[in-house]
Amino acid sequence: MEKPVQLYQEQYPHLFQKLKVSGKALKNRIVAAPTHHGITTDHQDLLNERGVLVYGDRARGGAAVVTIGEGKIDALNSTAHEGHVDCYSEKALQSLHWYSTYVHAYGALASIEFNHSGQFASPRFNEGHLGPMGASACRMPNGILSREMTEEDMELVAENIAKACLLAKRGGLDMAMLHYGHGWLFGGFLSPMFNHRTDKYGGSLENRVRFPRMVLQRVRQAVGKDFLLELRLSGDEMTLNGLKIQDTVEIVKMLEEFVDMVHVSSGTRLEPLTRGYIGADHFTEPGHNAPLSEAIKKAGVKIPVGVVGNINSPAVAERILAQGQADYVVMARNFIADFDWAEKVRAGREEDIRPCIKCCRCGDLSLGKDATGESTCSVNPLFGHGAMRKNFPPATRRKKIVVIGGGVAGMQAALEASTRGHEVILYEKEWKLGGQLFYADYVWFKREMKAFREYLIRQVEKAPIAVKLGVEATPEQVYAEGADAVIVAVGAEPFIPPITGVNGKNVMTALEVFGHEDCLGDSVVIIGGGMVGCELSLHLSKHGKQVTILEMGEELAPEAIFTERVRTLDFMQRDPQICIETGLRCTAITEKGVEAADRAGNTKAFAAETVILASGMQSRAQVRDSFEGSAYDVIAVGDCKKVGTVFGAVSTGFDAALIL
């Protein structure tokens with residue numbers, strides 16, 4: 001008789017150890033962090049069916065605690081954006097019971113985050129007559145004046161949060177997480193960057209803690225001892241005048257008698273450059289906040305201490321726990337990219353985990369003035385759309401499907417078609433799968449993208465898909481296969497701008513650079529300041545090149561996701577080997593470099609040994625269209641349908657298979 005597989009116990013014994021917290025038991029050390037999505041509430045701000053699934057699926061996926069993002073404590077002035085979950089009216093109870101029942105079925109604890117937005121509150125989402133308020137009066141970056149809170153304001157906030165926590169308890173929840181970090185209302189009181197008061201609520205650390213402590217006292221009185229309270233704190237605000245870890249250690253000591261757990265983040269909402277620490281991007285090292293939680297544990301704090309922030313693999317989580325840096329780990333996007341993250345680890349299926357690529361799409365694109373109110377994930381087509389996509393009818397019969405192209409879109413299409421029971425043949429003209437994501441092997445901050453490519457390749461290799469490498473499929477060949485459907489995923493090719501000298505020997509496209517960096521010489525000019533050109537400049541700087549990037553527009557990468565853009569530009573601006581030139585149109589390429597002109601016609605020359613075109617991509621339309629008529633259904637996906645991102649490739653590839 002074979003020995004049962006228990007890889008998770010052998011490899012990750014700390015991660016799957018139970019944790020006792022004030023009389024309750026967590027089945028493991030994994031907490032699903034609160035995340036905010038515009039899709040999880042209805043027009044009354046009640047948790048909707050999709051919201052119950054978005055959060056509850058994290059319990060099904062193995063988390064010990066699942067936390068709803070941003071419960072709303074009142075309709076006055078506590079809200080910063082759409083989609084806060086109503087927790088101040090009796091009508092919220094039914095949906096909270098739906099959620100807690102779902103979570104409890106999987107042996108997890110149900111929690112909810114409560115956060116008063118304070119000075120960041122928006123009149124657009126509140127009744128507005130009280131207006132935004134914070135520790136001290138200030139003019140916010142959006143121009144709105146936030147007033148200084150009075151003691152009457154403090155009493156009202158404390159009362160409302162206590163009522164909201166009690167309502168959550170009545171709704172079947174086991175605990176609540178109070179957000180005391182990132183510069184929101186309570187974090188603003190704690191931080192010297194926000195709190196400039198001269199009364200008993202400002203100045204010394206003891207005074208700055210006074211109001212946040214009073215709120216916790218009021219909440220504990222309302223909910224009793226059998227309802228767990230967790231705090232989130234910024235261990236370090238990562239700014240010159242913000243909180244530092246030594247302050248946070250003392251804050252925890254002052255507050256721990258009222259709470260059962262505390263976990264540590266970093267950064268502040270007021271400083272955009274710290275967004276990469278609040279929600280890690282691809283520049284952020286795995287487990288970057290672990291030294292902060294470790295400092296709190298070493299200070300002799302008696303309650304369990306957790307840590308959140310780019311804990312992107314079970315190995316990182318296990319290391320943090322094994323080294324005593326934290327008692328539990330808090331994860332957000334792991335469960336967005338793969339609902340079953342923890343269960344796959346527990347079952348010894350780590351290689352089947354769909355990795356997050358840290359693009360920040362799930363958070364950044366659901367908020368802000370241009371928001372659509374829709375949250376999506378670049379790598380998981382079922383996130384946010386699962387209820388809809390799962391409603392597609394199963395295939396009526398087994399079909400023969402040919403997929404042309406082994407990039408992201410082609411692999412995703414082939415995988416879903418195979419899952420639906422079809423016979424799938426995948427053609428790829430190169431001798432390896434992965435398409436344009438090969439570049440991730442070379443770029444120092446693209447480890448997550450490389451992991452995603454390797455994940456897709458592994459899944460294709462494990463699936464019953466006939467893969468034909470080194471074969472460039474033709475319409476005649478596909479027709480001869482007798483396929484019921486053809487999914488065309490032939491991708492895109494670089495757009496070559498009509499510039500004098502563009503065909504010179506010293507000119508190459510961005511994709512041609514990778515693996516040939518040593519052939520470029522010491523100085524390069526990149527034509528095109530989109531995200532491709534920006535990231536390429538950082539890559540080449542790492543190789544010791546002196547880089548000049550030319551962009552026709554007035555700013556770089558204006559269409560990029562906000563967090564990714566802010567952090568990329570910061571790295572570029574601080575790099576002495578990168579020169580940024582905007583408002584310039586390249587007029588000619590010579591053997592010596594590039595000539596460019598501004599809108600007034602003034603010209604400027606830039607010396608370079610190599611000129612790199614990063615002026616965009618265009619669909620391989622001619623190749624795509626040549627397959628029309630080669631089968632009953634011919635569906636274009638990915639960049640050959642519309643040039644875009646990983647999100648577009650994954651979603652179009654998935655949907656093409658879904659309708660066959």
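We're numbering straight along the sequence, starting at 1.
- Applying the ring-ring contact (aromatic ring centres under 6.0 Å, His included) test to residues at least two apart or on different chains, the pairs with a partner in residues 496-520 are Tyr439-Phe514, Phe514-His539.
- From Met133, atom CE reaches atom SG of Cys138 across 13.0 Å, with rounding to the nearest 0.5 Å.
- Side-chain N or O atoms of Thr603 include none that pairs as donor or acceptor with a backbone N or O of Ala597 at under 3.5 Å.
- Contact record, Gly183 with Gln119: O-NE2, 2.9 Å, taken as the closest heavy-atom pair.
- With sequence neighbours left out, Lys244 forms a side chain to side chain contact (heavy atoms under 4.5 Å, CB included) with Asp236, Gln246, Asp247.
- With hydrogens and angles disregarded, no donor-acceptor distance shorter than 3.5 Å links the side chain of Ser619 to the backbone of Ala621.
- Counting only distance, with no hydrogens or angles, the side chain of Glu428 and the backbone of Gly406 share a donor-acceptor pair below 3.5 Å.
- With hydrogens and angles ignored, the 3.5 Å screen pairs a side-chain donor or acceptor of Glu237 with a backbone N or O of Leu243.
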- request: With side-chain contact (heavy atoms from CB on, under 4.5 Å) as the test, would you mind laying out the steps for Met508 and Thr610 before giving the verdict?
  value: CA-CA 8 Å; Met508 59 197 313; Thr610 304; 3.8 Å; yes

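- Pairs passing the side chain to side chain donor-acceptor pair (under 3.5 Å) check and including a residue from residues 571-580, sequence neighbours excluded, read Ser541-Asp575, Ser541-Gln577, Asp570-Arg574.
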- prompt: Can Ile526 and Leu550 be said to form a side-chain contact (heavy atoms from CB on, under 4.5 Å), step by step?
  reply: CA-CA 6 Å; Ile526 298 174; Leu550 300 182; over 6 Å; no

Would you be so kind as to tabulate the donor-acceptor pairs closer than 3.5 Å made by side chains of residues 639-646, with sequence neighbours excluded?
| from | atom 1 | to | atom 2 | distance (Å) |
| --- | --- | --- | --- | --- |
| Asp639 | OD1 | Gly644 | N | 3.0 |
| Thr645 | OG1 | Phe647 | N | 3.3 |

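- Residues meeting the ring pair (Phe, Tyr, Trp, His ring centres under 6.0 Å) test with His182, sequence neighbours left out: His179.
- The side-chain hydrogen bond (donor to acceptor under 3.5 Å, both in side chains) check on Thr590 picks up nothing, with sequence neighbours excluded.
- Under the rule for a side-chain hydrogen bond (donor to acceptor under 3.5 Å, both in side chains), Asp633 has no partner lying at least two apart in sequence or in another chain.
- Without hydrogens or angle criteria, Asn310 side chain to Glu285 main chain gives a donor-acceptor distance under 3.5 Å.
- The shortest side-chain heavy-atom distance between Leu415 and Leu456 falls under the 4.5 Å cut-off.
- Put simply, the side chain of Gln412 never gets that close to the backbone of Ala409: no donor and acceptor are under 3.5 Å apart.
- In terms of modelled atom types and a separation under 3.5 Å, the side chain of Asn380 and the main chain of Ile336 share a donor-acceptor contact.
- The closest side-chain heavy-atom distance from Thr239 to Met193 is below 4.5 Å.
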Chi angles and distances behind the side-chain contact (heavy atoms from CB on, under 4.5 Å) call for Lys72, Asp45: CA-CA 9 Å; Lys72 189 173 182 178; Asp45 288 334; 3.3 Å; yes

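- Sorted by first and then second residue, the salt bridge (Lys or Arg N to Asp or Glu O under 4.0 Å) pairs involving residues 578-588 (not counting sequence neighbours) are Glu581-Lys604.
- When side chains are defined from C-beta on, Val594 does not count as touching Ile499, because their heavy atoms never get closer than 4.5 Å.
- Applying the side-chain hydrogen bond (donor to acceptor under 3.5 Å, both in side chains) rule to Glu554 yields the partners Arg599; only residues at least two apart in sequence or on another chain are considered.
- Taking the six-membered ring where the residue is Trp, Phe571 and Trp444 present tilted rings, their angle falling between 30° and 60°.
- To the nearest 0.5 Å, atom CD1 of residue Ile589 and atom OG1 of residue Thr500 are 9.0 Å apart.
- The backbone N or O of Ala332 lies less than 3.5 Å from no partner atom in the side chain of Thr35, so there is not a single donor-acceptor pair.
- The neighbour count for Met552 CE, taken as heavy atoms of other residues, nucleotides or ligands under 6.0 Å away, does not exceed 12.
- Looking only at atom types and distance, the side chain of Asn312 has no donor-acceptor partner in the side chain of Lys358 under 3.5 Å away.
- Rounded to the nearest 0.5 Å, atoms NE2 (His37) and SG (Cys362) are 6.5 Å apart.
- Two residues are said to be in side-chain contact when any heavy atoms from C-beta on lie closer than 4.5 Å; Ser378 and Arg361 meet this criterion.
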task: Apply side-chain contact (heavy atoms from CB on, under 4.5 Å) to Arg232 and Val308, showing your working.
output: CA-CA 9 Å; Arg232 169 178 284 185; Val308 67; 4.1 Å; yes

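- Screening residues 270-281 for side chain to side chain donor-acceptor pair (under 3.5 Å) gives Arg275-Asp364, Arg275-Thr563, Asp281-Thr284, Asp281-Arg567 as the qualifying pairs, with residues at least two apart or on separate chains.
- In this view, Phe120 and Trp184 satisfy the ring pair (Phe, Tyr, Trp, His ring centres under 6.0 Å) rule, not counting sequence neighbours.
- Looking only at atom types and distance, the side chain of Thr40 has no donor-acceptor partner in the side chain of Arg50 under 3.5 Å away.
- The distance from atom OG of Ser523 to atom CD of Glu609, rounded to the nearest 0.5 Å, is 4.0 Å.
- Judged purely by atom type and a 3.5 angstrom limit, His36 uses its side chain to pair as donor or acceptor with the backbone of Glu82.
- The NE2 atom of His84 sits 9.5 Å away from atom OG1 of Thr41, with the distance rounded to the nearest 0.5 Å.
- Salt-bridge annotation for Glu559 and Arg565: absent, with no side-chain N of the basic residue lying under 4.0 Å from a carboxylate O of the acidic one.
- Side-chain contact check for Glu448 and His282: no donor-acceptor pair (N or O, by modelled atom type) lies under 3.5 Å.
- For the ring-ring contact (aromatic ring centres under 6.0 Å, His included) condition, no pair includes a residue of residues 581-613, sequence neighbours left out.
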